[in-house]
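Data block below; observations after.
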Amino acid sequence: MNRFLLLLRSNWITASGAVLTTLSFMAFVTSFVYFSLHGGGHGAYVGLFAFIALPAFFVLGLVLMPLGLFVYRRQLQQRMELIRHKPFRLIRVIAVLTLVNLSVVGTAGYEALHYMDSQQFCGTLCHEVMSPTYESYLDSPHARVSCVECHIGSGASWFVKSKLSGLRQIAAVLFDTYQRPIPTPVHDLRPARDTCEQCHWPDKFAGDRLVVRQHFDEDEAVTPSTTVLVLKTGGVRPDGTATGIHWHVHPGNRVTYVATDGKRGKIPWVKFVDEKGKERIFTVEGQDPARPPEGEMRTMDCVDCHNQPSHAFQEPDLALDEAIAANKVSRRLPFIRKVGLEALKKGWTRENAKEGILKDLEAFYNANGTLAADVRALIPPAADAIAAIWLRNIHPRMGITWGTYPSFTGHTGCMRCHDGEHLDADGEAISMECSTCHATLAKKEKDPAILKQLGLKQE
Ligand code: HEC
Ligand code: HEC
Ligand code: HEC
Ligand code: HEC
Ligand code: HEC
């Protein structure tokens with residue numbers, strides 16, 4: 001061992017390599033043990049340091065050691081003279097250390113790849129680029145599903161593909177050549193069969209969904225109303241046939257379409273093939289059914305409706321209704337639905353939005369009569385809640401504003417086809433009756449009787 005240390009100290013390059021390797025080895029092992037015990041709840045930069053920087057230092061040290069010996073090879077020869085009579089032990093020490101090194105590099109490599117698949121890495125490292133997505137993701141039903149489970153899925157070929165595309169993206173960020181807003185649809189997204197359907201089985205969909213939604217008017221009293229729908233999400237009947245909204249993704253049905261606007265928004269041509277292979281083609285006026293237009297052709301899967309399944313952006317009026325319903329924005333403030341919505345639509349920056357919205361509300365209430373002191377005290381919390389909605393959804397530097405990423409699970413998405421203008425050879429339209437998709441039990445009613453009948457409201 002002494003002789004080995006003698007070798008390491010033979011010149012300054014080798015010596016610094018040895019120090020670097022030893023220190024980063026100790027730091028890596030410590031953080032590895034720490035993270036194994038405490039789970040992965042560390043920030044992106046801690047991970048970057050522990051799993052990428054430390055192993056890099058470790059390897060750098062390993063490279064420096066032989067490099068130094070090579071550069072100062074004359075001195076090395078002299079030292080070798082000193083230890084010539086016991087060469088075997090030296091080889092044994094080097095062999096053992098090499099094994100240790102390989103296992104460290106292996107573990108580090110594994111941890112580095114693992115770390116690069118974490119939400120922290122995907123969501124926060126390129127902070128400005130991904131933070132809009134990341135913030136809305138944390139506020140979604142998929143907040144515990146990692147980005148890679150939808151964006152990459154399992155299997156080696158998609159893994160390699162994603163790492164290559166990741167390198168391209170890092171280059172785009174470094175050289176600032178990426179597009180703002182980040183364009184959708186994501187064209188090389190993995191098919192939903194390999195991602196969504198690993199957790200949600202289309203032939204297991206069953207049951208409809210009750211939607212009770214509070215709305216508020218723009219009047220002085222901020223009058224509440226309630227909409228009650230039964231969304232026929234359906235999927236399969238007990239006998240296995242398809243029904244309802246998830247009918248489109250039932251294994252027996254195939255709906256293919258061509259979109260011509262690059263955003264899957266304009267759809268002039270739709271083909272439906274049923275279980276028995278019978279075809280129906282629906283087209284808008286002026287479109288030849290036999291000749292699909294130029295554009296992206298897709299067979300409908302989950303993502304054609306659930307295009308914002310995670311990291312979903314909100315609509316200002318619905319988000320404000322939710323905040324009023326949750327009493328984060330108090331209805332005791334006259335006209336708050338109207339003033340709040342106006343404030344949400346102004347062109348703030350991320351730096352001045354919070355302060356600006358508060359000033360805006362104060363100015364409105366100062367100019368319009370006097371408020372009782374206890375009502376006036378409700379302005380700052382209301383302004384905070386409204387600013388929070390703005391900050392969650394608007395990112396001027398990333399080009400994201402209201403409507404940049406529309407959701408296709410509502411009328412906007414459905415009416416791309418169900419608009420009464422897509423006709424088949426017999427002149428029959430893709431169904432447009434309200435009851436195809438939902439039973440509308442109450443539409444903006446003051447006090448819907450149905451809620452009492454359902455036992456959702458006592459009186
Ligand atoms: C539940 C599945 C799911 C999860 C989890 C998920 N994504 Fe997505 N993401 C999608 C789908 C589907 C699209 C494609 C939308 C389209 O093409 O219309 C998408 C699109 C995107 C886009 C393009 C812009 C946009 O909003 O449409 C970005 C950027 C993105 N994802 C980043 C992330 C990051 C970062 C994470 C983790 C913090 C993440 N995603 C987690 C499913 C997911
Ligand atoms: C790793 C598993 C996993 C994957 C992959 C996954 N999901 Fe989910 N999904 C979940 C979980 C867990 C929930 C939450 C269930 C709950 O809250 O009851 C959920 C909830 C949902 C919901 C209900 C949201 C709501 O408002 O309640 C939708 C819609 C959905 N997922 C669609 C998708 C789509 C589309 C994809 C593919 C792009 C996908 N999921 C991929 C696990 C997953
Ligand atoms: C034709 C459009 C459409 C397609 C295609 C579609 N969904 Fe849905 N899905 C909806 C709508 C609309 C809802 C109800 C509204 C909501 O929850 O956002 C819904 C609700 C859900 C829910 C919530 C649970 C429930 O039953 O209420 C899950 C989970 C879900 N979808 C998963 C999927 C998966 C996975 C796929 C692909 C296999 C898929 N969906 C395909 C439109 C669609
Ligand atoms: C790409 C075109 C397209 C889009 C987008 C689309 N649909 Fe459809 N949908 C069809 C076609 C084609 C049919 C079959 C013809 C018909 O039933 O009129 C159909 C049928 C249906 C049916 C009847 C299923 C049955 O039991 O026969 C429902 C319910 C439905 N769609 C709901 C929706 C909802 C909700 C959305 C939006 C979230 C939506 N669709 C979006 C093309 C589309
Ligand atoms: C192709 C399917 C489809 C058809 C046809 C359809 N809707 Fe809807 N509708 C939906 C879906 C999906 C939602 C839920 C969207 C959401 O969660 O905001 C919805 C939501 C609604 C809402 C609730 C909006 C809210 O925020 O309170 C109303 C009201 C409504 N629809 C009225 C109608 C009426 C009236 C018709 C007939 C003229 C109709 N819809 C036809 C799919 C459809």
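Counting starts at 1 for both ligands and their atoms, following the listed order.
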Has H248 got an N, O or S atom lying less than 2.8 Å from atom 8 (Fe) of ligand 4?
yes
For R416, the atoms of ligand 4 under 4.0 Å from one of its heavy atoms are 5 (C)
Taking only heavy atoms of D301 into account, list the atoms of ligand 3 that are under 4.0 Å away from them.
5 (C)
What residue and heavy atom of the protein are closest to atom 3 (C) of ligand 4, and at what distance?
C417 SG, 2.7 Å
Strictly below 4.0 Å, N to O, side chains only: are E322 and K328 in salt-bridge contact?
no
Can you find a side-chain donor-acceptor pair between D304 and Y257 that sits under 3.5 Å?
yes
Check: R190/H151 side-chain N/O donor and acceptor closer than 3.5 Å
no
Can we say D208 and K232 salt-bridge, meaning some charged N sits less than 4.0 Å from an Asp/Glu carboxylate O?
no
Contact between E433 and ligand 5, counting heavy atoms under 4.0 Å?
yes
Would you give the length of the straight line joining atom OG1 of T243 to atom NE2 of H246, rounded to the nearest 0.5 angstrom?
11.5 Å
What atoms of ligand 3 come closer than 4.0 angstrom to any heavy atom of H200?
29 (C), 35 (C)
Near I430, which atoms of ligand 4 are under 4.0 Å from a heavy atom of that residue?
10 (C), 11 (C), 12 (C), 18 (O)
Hey, does D304 sit under 4.0 Å from ligand 3 if you only count heavy atoms?
no
Top protein contact for atom 26 (O) of ligand 4, by heavy-atom distance
G244 N, 3.6 Å
Would you mind listing which atoms of ligand 3 come within a distance below 4.0 Å of any non-hydrogen atom of V249?
5 (C), 38 (C), 41 (C)
When you check the gap from the basic side-chain N to the acidic O, do R298 and D301 get nearer than 4.0 Å?
yes
With respect to R209, determine whether any N or O atom, backbone or side chain, lies less than 3.5 Å from an N or O atom of ligand 3.
yes
With a cut-off of under 6.0 Å to the ring centre and 45° to the axis, is R180 in cation-pi contact with Y178?
yes
Nearest 0.5 Å please: distance from the CD1 atom of I450 over to the CG atom of L229.
11.5 Å
Is any N or O atom of S431, backbone or side chain, closer than 3.5 Å to an N or O atom of ligand 5?
no
Between R416 and F408, is NZ or CZ placed under 6.0 angstrom from the six-membered ring centre and within 45° of the ring axis?
yes
In H246, the N/O/S atom nearest atom 8 (Fe) of ligand 3 carries the name NE2
What protein heavy atom sits nearest atom 15 (C) of ligand 4, and how far away is it?
F282 CZ, 4.0 Å
May I ask you to identify the nearest protein heavy atom to atom 22 (C) of ligand 4, giving residue, atom name and distance to one decimal place in Å?
T436 CG2, 3.8 Å
Could you check whether any heavy atom of K232 sits closer than 4.0 Å to an atom of ligand 4, since that is the contact criterion I want to use?
no
Hey, are the side chains of R280 and D426 touching, using non-hydrogen atoms and a 4.5 Å cut-off?
no
For G413, the atoms of ligand 4 under 4.0 Å from one of its heavy atoms are 5 (C)
Which residues and atoms, counting only protein N, O or S, are under 2.8 Å from atom 8 (Fe) of ligand 5?
H411 NE2, H438 NE2
Looking only at protein heavy atoms, which one is nearest to atom 18 (O) of ligand 5, and how far off is it?
R213 NH1, 2.9 Å
For ligand 4, which atoms have a heavy atom of F408 less than 4.0 angstrom away?
38 (C)
If you measure only the distance, is there a donor-acceptor pair under 3.5 Å linking the side chains of Q214 and D321?
no
Name the residue from L54, L62, L60 that meets the side-chain contact (heavy atoms from CB on, under 4.5 Å) definition with F58.
L62
Closest non-hydrogen protein atom to atom 42 (C) of ligand 3, residue and atom name please, with distance?
I245 CG2, 3.5 Å
Taking NZ, NE, NH1 and NH2 as the nitrogens, is one of them in R337 or E218 under 4.0 Å from a carboxylate oxygen of the other?
yes
State whether the shortest distance between N or O atoms of E197 and N or O atoms of ligand 3 falls below 3.5 angstrom.
no
When you check the side-chain N and O atoms of T107 and E111, is any donor under 3.5 Å from an acceptor?
no
Can you list the atoms of ligand 3 that are under 4.0 Å from a heavy atom of L231?
14 (C), 15 (C)
Short side-chain donor-acceptor distance under 3.5 Å, N327 and R332
no
OG1-CD distance between T241 and E275, expressed to the nearest 0.5 angstrom
8.5 Å
With a cut-off of 4.0 Å, which atoms of ligand 3 are near a heavy atom of C305?
1 (C), 2 (C), 3 (C), 4 (C), 5 (C), 42 (C), 43 (C)
For E445 and T226, does a side-chain donor sit closer than 3.5 Å to a side-chain acceptor?
no
Can you pull out the closest protein heavy atom to atom 13 (C) of ligand 3? Residue, atom name and distance to 0.1 Å, please.
T233 CG2, 3.5 Å
Atom 27 (O) of ligand 4 has as its nearest protein heavy atom W247 NE1, 3.8 Å
Atom name of the N, O or S atom of H306 nearest to atom 8 (Fe) of ligand 3 is NE2
Which protein non-hydrogen atom lies closest to atom 32 (C) of ligand 3, naming both residue and atom, and how far is it?
F205 CZ, 3.5 Å
Select one of side chain, backbone, both or neither to describe which atoms of H215 lie under 4.0 Å from any atom of ligand 5, heavy atoms only.
side chain
Tell me the nearest of M432, H418, M300 to atom 21 (C) of ligand 4, using heavy-atom distances.
H418
According to the interplanar angle, ranging from 0 to 90°, do the rings of H200 and H142 count as parallel (below 30°), tilted (30 to 60°) or perpendicular (above 60°)?
perpendicular
Output yes if C302 passes the N/O/S-under-2.8 Å test against atom 8 (Fe) of ligand 3; output no otherwise.
no
Please work out, at 4.0 Å between heavy atoms, whether the side chain, the backbone, both, or neither of T409 comes within that distance of ligand 5.
backbone
